[in-house]
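Written out below as structure tokens is the structure these notes cover.
Both backbone and side-chain heavy atoms feed into the values below; hydrogens, waters and symmetry mates do not.
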Amino acid sequence: MSRTLQSEASTRARNQENARPFQLKFQCKASKEDFVKDQSQCRNIATSFNLSTLINGRMKLEGVIAAIVIVAQVTSPLPLAGWDFWSILPANAVLYSPETKLPRTGELALRRAIPANTNMKAIQASLEELSYLLRIPQRKPYGTMEGNVKKALKIAVDGKDSILASIPADLREKGSALYSSLIDGKRPHGLIVDPDRVSVGLASSLDTVAELELLQAPGLSFLLPEQYLKYPRLTGRAVIELTIEKGDGSSFSPEVGGEQRKTATIQVVLDGYSAPLTTGNFAKLVTDGAYDGTKLSCINQAIISENDTGKNGYSAPLEIMPSGQFEPLYKTTLSVQDGELPVLPLSVYGAVAMAHSDVSEEYSSPYQFFFYLYDKRNSGLGGVSFDEGQFSVFGYITAGREILPHIKTGDVIKSAKLVEGQDRLVLPNES
């Protein structure tokens, strides 16, 4: 079992005083507050959204915005001309803090990790900034928001040929349909006075962007070092379903309006784009049935699988893709204090990572993995985990995160299945 996972509270306290905190006391406690979904996603609002309709709907708001400006000018001592105050980038709005650079949900981290066309990445960045602006309470910077939408639409229109050319020929028809849905202005308007509905529509648009980007990234964007070609590897995305059952024969607590269940299902998306060796080994173990019947333990701030050395896994090197880089680093950790941040951060509730090898922390365990129960209260500067950049994070729970607080020591993985991505799993030539 990883020595880092077993570190004591005294070690964490000592690291908080150092320039480079490393150990973190994992606390095995979780509540509904540990994972709070965007409230806009909880509303059952039927609306569709695209780039053109944001601009059309914006025109309907001009009267409302004008009234807000007049009232604000009368009641506020702050100058509002040009809305310059609201155009401050979030990274400049606070003192140096990694919090403004790390994605805070698994879905966002996975979307940013796709190695897609530069035009699509620019559209994505503009819309994600809009998502941030929507969270500003009370007076929202509608002028800046409109600028973000216009910028994204212009990139989409001007870069159409480049965007579609980046999609393989056999997938281009599907890509064209997704592209049209992104910029089509004939669908019902999503931008109305209710910000919740705007948020729902924006999420839908970002999902479309992610689908387009995945079509543009059919494989790895880099060459693996020759010495690692002997390992299994995943050349894209894959989806794993884990069925969990209570070890004492009891049932999982019923969800709202639901019934008690003997088993619960967790869905994990593996990101081979950023961690091809780690995901390849994990996916192979799943297909071999190695995790069926595996016991789980609740250790501090993680749910960790038992370390069964009898399983036939590969001890892959520590594998971390730094932000802004095009290939992973191997056997090397990152220094968050020096500005190094991973593409797949650990500081996300429901992150999935491999424990360290018992022999060397330059390698991951061939079998043992853990679900990370991120808690900002037990984190460092900017809400970043003290162990950020120290483990091979290889995916995130995208469905079933609400189950994590109910998992206890002794619960069992009844079954683990690779339900998507089998064609992207490359096994070494054993001959």
Pairs satisfying salt bridge (charged side-chain N to carboxylate O under 4.0 Å, His left out), at least one member in residues 172-183, at least two apart: none
Taking atom types as modelled and ignoring hydrogens, do the side chains of [X] and [Y] form a donor-acceptor contact shorter than 3.5 angstrom?
X    : Y    : answer
N307 : D358 : yes
E340 : S335 : no
Y363 : K331 : yes
Q368 : S305 : no

Return the minimal non-hydrogen interatomic distance between [X] and [Y], and the atom names on each side.
X    : Y    : answer
I167 : G175 : CD1-CA, 3.8 Å
S315 : P366 : N-CB, 3.8 Å
I244 : D411 : CG2-CB, 4.4 Å
C298 : T409 : N-OG1, 2.9 Å
L344 : A113 : CD2-CB, 4.0 Å

Sequence neighbours excluded, the answer for side chain to side chain contact (heavy atoms under 4.5 Å, CB included) partners of A238 is L234, L270, L418
Under the side chain to side chain contact (heavy atoms under 4.5 Å, CB included) rule, collect the residues that match up with K121, sequence neighbours excluded. I114, A116, Q124, E213
Using a 6.0 Å cut-off, check whether atom CD of E226 has over 12 heavy atoms from anything other than its own residue. no
Might you confirm whether atom NZ of K417 has over 12 heavy atoms from other residues, nucleotides or ligands at distances under 6.0 Å? no
Is it the case that the ring center of F391 lies less than 6.0 angstrom away from the ring center of Y372? no
K262 to F252 six-membered ring, cation-pi geometry met (6.0 Å, 45°): no
For Y330, what residues pass the ring pair (Phe, Tyr, Trp, His ring centres under 6.0 Å) criterion, not counting sequence neighbours? Y228
Who passes ring pair (Phe, Tyr, Trp, His ring centres under 6.0 Å) against F394, sequence neighbours left out? F282
Show the numbers, then the answer: is there a ring-ring contact (aromatic ring centres under 6.0 Å, His included) between F369 and Y367? CA-CA 7 Å; F369 74 96; Y367 176 79; 7.7 Å; no
Inter- and intrachain pairs under side chain to side chain donor-acceptor pair (under 3.5 Å), touching residues 265-275, at least two apart: R237-D271, Q267-T398, D271-S274
